[in-house]
There are 2 protein chains.
Amino acid sequence: MASIEKTKQYLTDFKIHPSFQRIAIMKYLFENPVHPTADEIHTALVAVIPTLSKTTVYNTLSLLSQAGAIKELTIDEKQLHYDGYIREHAHFRCNNCGKIIDVAIDNDTLKIESLEKEHNIIITDTQVFYKGYCNECKNKFNY
Amino acid sequence: MASIEKTKQYLTDFKIHPSFQRIAIMKYLFENPVHPTADEIHTALVAVIPTLSKTTVYNTLSLLSQAGAIKELTIDEKQLHYDGYIREHAHFRCNNCGKIIDVAIDNDTLKIESLEKEHNIIITDTQVFYKGYCNECKNKFNY
DNA sequence: TTGTAAATATGTAATGATTACAAAATTAAA
DNA sequence: TTTAATTTTGTAATCATTACATATTTACAA
Ligand SMILES: [Mn+2]
Ligand SMILES: [Mn+2]
Ligand SMILES: [Zn+2]
Ligand SMILES: [Zn+2]
């Protein structure tokens, strides 16, 4: 239950002006940690804010994402999914029902620093994706 | 330099009928390990096989991918990229030039089995993506 | 307070990667 | 050969995302 005040502060901390729409979208992500798509966010919020445009949802999500306030997940072949929980963690996507769940990951198993040195690169983001069948779907596929 | 014969055998091993077009696409992936998109593959091959349709490239890539003969990378927000090298490894994508390079990864850092038990899921695929700036681009972004 | 510029939001049109579909061509095999 | 199955092709549709122009809201100086 992220309050409006907390959400406003969160955005401000990322130097994002907390407009009414931005607060609504950020708050939605906090309260619905299911990695929704832009369209799902819009559908859910337009029921409460009938004037909310889809463009604003897209614009806001890229703004938040670029500022580092949210994460953009490329786990799905068709659409981007968004995550308001930005602490380092991995994701599992069920190939049958599409559900995306959080999975813990050891922060230092990924060896960022050593990879950066080895390849002379700068790593700014890391994503670990697992795909397969969730506990509800695995039976349907002889597992 | 993957020969046509080796490529044909490779497809057969995955129970894929080695048609002329399929061999060409698979061979292209073997010889161009730069993780091309469907469009890049088509553009390169249509110069040699003028009748090759883009639909065939798309169809073949999903066929190969479903059979496990190639990997489909969702590292890019805009397009899918393909990899003919299927042994477990991670990828780094430069946010500036878009280049995707292979990165070694410790096979057992990902703890597949323990995650499967913990969440009661089946994991059939794992992708590790790093994003940032490559050695050629990092200077342009004060790193 | 009022006026004006900057920032933000909106609606519609365009883009472009991918897929659907039906017809044509090729291959298998009866 | 004939016929059926597989594969390829070309075109049209889909649909998530972006571009763009306009409208609205907010900031802030006079
Ligand atoms: Mn998450
Ligand atoms: Mn690779
Ligand atoms: Zn499932
Ligand atoms: Zn680069």
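Chain letters run A, B, ... following the sequence lines, proteins first and then strands; every chain starts at 1.
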By side chain to side chain contact (heavy atoms under 4.5 Å, CB included) - contacts of [X] (at least two apart):
X       : value
B/Glu5  : B/Ser3, B/Lys8
B/Tyr85 : B/Asp83, B/Arg87, B/His89, B/Asp102
A/Ser62 : none
B/Thr43 : B/Asp39

- Message: Contact list please: residues 18-25 of chain A against DNA chain C, heavy atoms, distance less than 4.0 Å, in numerical order.
- Response: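 Going residue by residue through residues 18-25 of chain A, the ones with a heavy atom under 4.0 Å of DNA chain C turn out to be A/Ser19, A/Gln21, A/Arg22.
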- When the distance from CD of B/Gln79 to P of C/dT15 is rounded to whole Å, what number comes out?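 Interatomic distance, CD of B/Gln79 to P of C/dT15: 17 Å.
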Could you list the donor-acceptor pairs under 3.5 angstrom formed between side-chain atoms of residues 66-75 of chain A and any protein atom two or more places apart in sequence or on another chain?
residue: A/Lys71; atom: NZ; partner: A/Asp125; partner atom: OD1; Å: 2.6
residue: A/Glu72; atom: OE2; partner: A/Tyr82; partner atom: OH; Å: 3.2
residue: A/Thr74; atom: OG1; partner: B/Thr74; partner atom: O; Å: 2.6

- Query: Do any of residues 37-64 of chain B sit with a heavy atom less than 4.0 Å from DNA chain D, and if so which?
  - Reply: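 The answer is B/Thr51, B/Leu52, B/Ser53, B/Thr55, B/Thr56, B/Asn59.
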- Could you check A/His81 against A/Ile100 for side-chain contact (heavy atoms from CB on, under 4.5 Å), going step by step and ending with a plain yes or no? CA-CA 9 Å; A/His81 289 254; A/Ile100 299 172; 3.6 Å; yes
- Which atom pair, heavy atoms only, marks the closest approach of A/Ile23 to A/Ile4?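 In terms of heavy atoms, the two residues are closest at CG2-CG2, 4.1 Å.
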- Task: List the atom of B/Ile41, the atom of B/Pro36, and the distance in Å for their closest heavy-atom pair.
- Result: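 Closest pair (atom of B/Ile41, atom of B/Pro36, distance): CG1-CG, 3.7 Å.
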- Item | Residues that B/Gln79 engages under side-chain hydrogen bond (donor to acceptor under 3.5 Å, both in side chains), provided they are two or more places apart |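 Scan of B/Gln79 (side-chain hydrogen bond (donor to acceptor under 3.5 Å, both in side chains), adjacent residues dropped) gives none.
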- Task: Please list all pairs passing the salt bridge (charged side-chain N to carboxylate O under 4.0 Å, His left out) test where one or both residues lie in residues 132-143 of chain B, with sequence neighbours left out.
- Result: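 Salt bridge (charged side-chain N to carboxylate O under 4.0 Å, His left out) check on residues 132-143 of chain B returns B/Lys99-B/Glu136.
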- Leading and trailing nucleotides of DNA chain D with any atom under 4.0 Å from heavy atoms of chain B: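 Extent of the interface on DNA chain D: D/dT7 to D/dT18.
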- ring-ring contact (aromatic ring centres under 6.0 Å, His included) contacts touching residues 28-71 of chain B (sequence neighbours left out):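 Non-adjacent pairs meeting ring-ring contact (aromatic ring centres under 6.0 Å, His included): B/Tyr10-B/Phe30, B/His35-B/His91.
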- Reading nucleotides 24-30 of chain C 5' to 3', which nucleotides get B (base under 4.0 Å from a protein heavy atom), which S (sugar-phosphate only), which -? ----S--
- Message: Assess the residue pair A/Arg22 and A/Leu63 against the criterion (side-chain contact (heavy atoms from CB on, under 4.5 Å)); give the C-alpha distance rounded to whole Å, side-chain angles, the decisive distance to 0.1 Å, and a yes or no.
- Response: CA-CA 10 Å; A/Arg22 289 171 183 172; A/Leu63 182 75; 3.5 Å; yes
